[in-house]
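Structure, as structure tokens:
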Amino acid sequence: MATDKLSPVFKARALEDAQARARASRPLQTLFTPRGVAVVGASERPDSVGRAVLENLRRSGFTGTLHPVNPKRDTVLGLACAPSLRQIDGPVDLAVVAIPAPAVAEVIDQCGEKGIGSAIVLTAGFKETGPEGARREGELVERARRAGVAVLGPNCLGLINTDPAFSLNASFARAMPAAGTIAFMSQSGALCTSILDYARAQRIGFSKFISFGNKADIDEADLLRYLAEDPQTQVILMYLEDLDDGLRFIHLAREVTGASGSGKPILAIKTGRTAEGASAAASHTGSLAGTDEVYDAIMAQAGVLRVETVQELFELAMAFGSQPMPAGNRVAIVTNAGGPGIMATDACVRQGLRLAEFTPATRQIMAAALPASASTHNPVDLIGDARHNRYRVALDAVLADEGTDAAIVILTPQTMTDIEEIARLVVAAGQGTRKPVIASFMGGVDVAAGIDILRSSGIPHYPFPENAARVLSAMVRYRSWVSRPRTRERIFEVDRGRAHKVLDQALRAGRDRLIEPEAHEVLAAYGLPVLPSGLARQRSEVAEICARLSFPVVLKIASPDILHKTEVGGVVVDVPDLAAAQATYDRLMADVARQRPQADLWGVFIQEMAPRGRELILGAVRDPKFGPLVMFGLGGIYTEALGDVVFRLAPFPSLSARHMLEEIRGRRILEGFRGEPPVDHEALQECLERLAQLVVEFPVIKELDMNPVIAYPKGAAAVDARIVMDLQKE
Ligand code: ADP
Ligand code: MG
């Protein structure tokens, strides 16, 4: 906001307007854009939080009024001090609370009485300390809701709004960051101070900076909603430790990220990435569904880009916060060094980007101005002695070319390289185009001044071309997410009663596991592709069943006590005729009875033998916190060893099922492979959707495996099925 060129009167008016606009519609306006701020627990004691906040508020140039509150003092740091919130004259929208935990709830009550809309509770000593703290936090929330006060924290670092109309630093961080387009919110307060320091060194500015601590009242969803509307914010960064409501987060985040045109990218670090030993699971799906996989699914469905490190987070944020999104994946590389140009090319290809192909006209423009030894093909090599004029010609030409979606500018410092001039023209080129421009001035000391020019003018810079390629690739992915076709979840016509009957029968018998024929029946009721089969409860039934089936068949032991049949020698495939089937029946019953004398054997399940195909796994598991997750991946006996699976929270739109097929590492196995045509993607996609419908409609299903599902160029067959129920749910 360019308020500094205005006369004082207009400046005040502009401030008022901005403040009024900001307060108008949003529930968190009092938190981010308060007219007055009270600091409860304001103090002059060195090293106290109460002093640090008050000093920060003053130093940041907060445009509203400040009110220290402390019953033991008349003034604090030269400001008139009120004994309590009640005694303050004038409007206060926000109370920053830095007093011992037991006294906080009372202050929240006072906020309510005084009509203070928001409070930031910096104080620790709540949920994070144990049961007593948790009780205290519960009471705090209850009182806040009753008093109509929105509470940030407790146990947080506070909040910063760099918007010059407010200039609010209500935190005890050491310094106010520069203004920028990046909003950052964090569940960890300690990380915040490091981030602020790091960002300062990297010349990264923020629009809003929020530490939300224990998120007792205001949580990430409230903040997302606010930031989505904040005109200062272009990209939202989150550091998360946990989420309470996965589906709610997905729905909200999809609105923020996915709205085409006005969407804002969300980048997130979710810590606790290593699976914390998935709970004792009876299925492959259950054992593969660690917490981390759940969060991967949530982030993917929400359109949130999940990153691993703080470094990566800011690498991406710099570009997302300053550059337009590329319309496609065709990159132009302009360099003064051959080797780095090749490195950049390789990195782009590895990241799924393509090298732009220039038109003859573009190449002619370059050829006319560049020395004969230069390359006008992509990567454009300006040769080591290039000065800024060569960069200008090349960069203007490639950015104007219709075949280019983005540009990477690489520089290595030779004696004659006029680094700062080049930096300035890269800035100008970036401002003159709607395509993203990213720079990599490779080196350290010599290039530092150039990098400074780039960064302070909003051109993202990375020390190596690989980083630049990774960032561009993330932008392309985000862009394709935003412009994806919108699909709804499909509801299939199914035989719900039949599935219910099978599940209910088992439950009535006090059984939480279905035997395979029962599981197949449930799947069949939901239109999943099972094979013709029958259960032989005694030898005499083998002939009857085989008469209905075509050979060869497969015989499997049927027992609710045996989940992994192969492990007890309970599966015999490729049984050619009736005589063999009868002999196999005898042998299976005897062998398994010997191996598992305790097991309740129901007989032998006889199934047509499916032809060879590609073995996949489809499964579902109910997460205690987030609900049903559907899994897809490479199946068969190596499923756990490969761990090549993806999850989605159900229900999900049709397109999500399609994405699941595309997201496994081994996706090429689904494509044409060794002369075989690709497998039937539509059939698999529909299986995933039908499976999702099944587990959404039957909360009693705790774990479900179809391993393997054998996929063919046309259709698929679920040859094995396993369903475990939750007896508590009935
Ligand atoms: P489990 O997983 O309990 O050991 P399965 O029913 O999955 O038992 O059978 C083990 C393996 O036998 C399967 O992974 C599959 O390769 C093969 N198999 C089982 N049933 C069939 C069938 N009907 N057609 C073809 N192959 C089958
Ligand atoms: Mg199996």
Side-chain angles (χ1 to χ4, degrees), residues 281-288 513-524 528-536 542 545-546 548-577 580-581 584-585 587-589 591-592 595-596 599-621 631-645 666 669 679 683-684 687 691 703-724:
S283 63
H284 298 282
T285 309
S287 71
L288 285 164
R513 289 163 189 210
L514 301 187
I515 57 164
E516 198 179 340
E518 292 172 325
H520 279 269
E521 192 168 350
V522 171
L523 298 182
L528 288 154
V530 299
L531 296 161
S533 65
L535 174 66
V542 174
I545 292 166
C546 285
R548 287 194 280 111
L549 308 179
S550 26
F551 287 105
V553 293
V554 177
L555 271 68
K556 309 181 194 180
I557 197 74
S559 161
D561 303 321
I562 297 171
L563 273 178
H564 299 276
K565 302 176 290 290
T566 310
E567 280 171 19
V568 297
V571 178
V572 180
V573 298
D574 217 0
V575 178
D577 52 35
T584 306
Y585 177 94
R587 187 157 57 80
L588 271 180
M589 290 300 278
D591 281 0
V592 178
Q595 266 206 48
R596 290 283 187 88
D600 182 11
L601 304 187
W602 288 36
V604 170
F605 183 53
I606 309 177
Q607 200 184 25
E608 280 187 7
M609 172 114 178
R612 292 175 67 100
R614 278 158 270 186
E615 295 206 350
L616 308 171
I617 181 168
L618 276 66
V621 60
M631 183 182 90
F632 172 78
L634 295 188
I637 49 175
Y638 297 123
T639 292
E640 266 102 347
L642 294 170
D644 190 6
V645 294
I669 293 173
V679 301
L684 290 172
C687 284
L691 176 57
E703 294 177 51
L704 186 156
D705 271 344
M706 295 190 261
N707 186 28
V709 169
I710 306 184
Y712 305 103
K714 188 112 198 61
V719 307
D720 180 23
R722 171 175 308 157
I723 293 180
V724 180

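Residue numbers count from 1 along this sequence. Order of appearance sets the numbers: ligands from 1, and atoms from 1 within every ligand.
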Test applied, side chain to side chain contact (heavy atoms under 4.5 Å, CB included); reference residue, Leu704; option that passes from Val724, Leu618, Leu691, Leu514:
Leu691
Could you check [atom] against the protein and tell me its nearest heavy-atom contact, residue, atom and distance included?
atom: atom 2 (O) of ligand 1; answer: Asp720 OD2, 3.0 Å
atom: atom 16 (O) of ligand 1; answer: Glu615 OE2, 2.9 Å
atom: atom 6 (O) of ligand 1; answer: Lys556 NZ, 2.7 Å
atom: atom 22 (C) of ligand 1; answer: Val554 CG2, 3.5 Å
atom: atom 17 (C) of ligand 1; answer: Val573 CG1, 4.0 Å
atom: atom 26 (N) of ligand 1; answer: Ile710 CD1, 4.4 Å

With a heavy-atom distance limit of 4.0 Å, tell me whether Glu608 approaches ligand 1 through its side chain, its backbone, both, or neither.
backbone
Region of Thr566 engaging ligand 1 - heavy atom pairs below 4.0 Å
both
Out of all atoms in ligand 1, which are within 4.0 Å of some heavy atom of [X]? Include the element for each.
X: Leu531; answer: 23 (N)
X: Asn707; answer: 7 (O)
X: Leu563; answer: 3 (O)

Sequence-distant partners of Phe605, ring-ring contact (aromatic ring centres under 6.0 Å, His included), two or more places apart
His520
Establish whether atom 11 (C) of ligand 1 and some protein heavy atom are separated by less than 4.0 angstrom.
no
Could you check whether any side-chain heavy atom of [X] comes within less than 4.5 Å of a side-chain heavy atom of [Y], counting everything from C-beta outward?
X: Ile710; Y: Glu615; value: yes
X: Val554; Y: Val719; value: no
X: Leu634; Y: Ile617; value: no
X: Val621; Y: Met631; value: no
X: Ser533; Y: Leu531; value: no
X: Val542; Y: Val604; value: no
X: Arg596; Y: Ile557; value: no

So between Pro611, Gly636, Pro708, whose heavy atom ends up nearest atom 14 (O) of ligand 1?
Pro708
Less than 2.8 Å from the Mg ion (ligand 2) is the window; count the protein N, O or S atoms in it.
2
I want to know if ligand 1 touches [X] in the polar sense, i.e. an N/O pair below 3.5 angstrom.
X: Ala610; value: yes
X: Lys565; value: yes
X: His564; value: no

Measuring from [X]:[atom1] to [Y]:[atom2], what's the distance to the nearest 0.5 Å?
X: Glu703; Y: Thr285; atom1: CD; atom2: OG1; answer: 7.5 Å
X: Asp600; Y: Ile562; atom1: CG; atom2: CD1; answer: 9.5 Å
X: His564; Y: Asp720; atom1: NE2; atom2: CG; answer: 9.5 Å
X: Leu616; Y: Ile669; atom1: CG; atom2: CD1; answer: 8.5 Å

Donor-acceptor side-chain pairing of Ser550 and Glu608 below 3.5 angstrom:
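A donor-acceptor contact under 3.5 Å links the two side chains.
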Of all the heavy atoms in Arg612, does at least one lie under 4.0 Å from an atom in ligand 1?
no
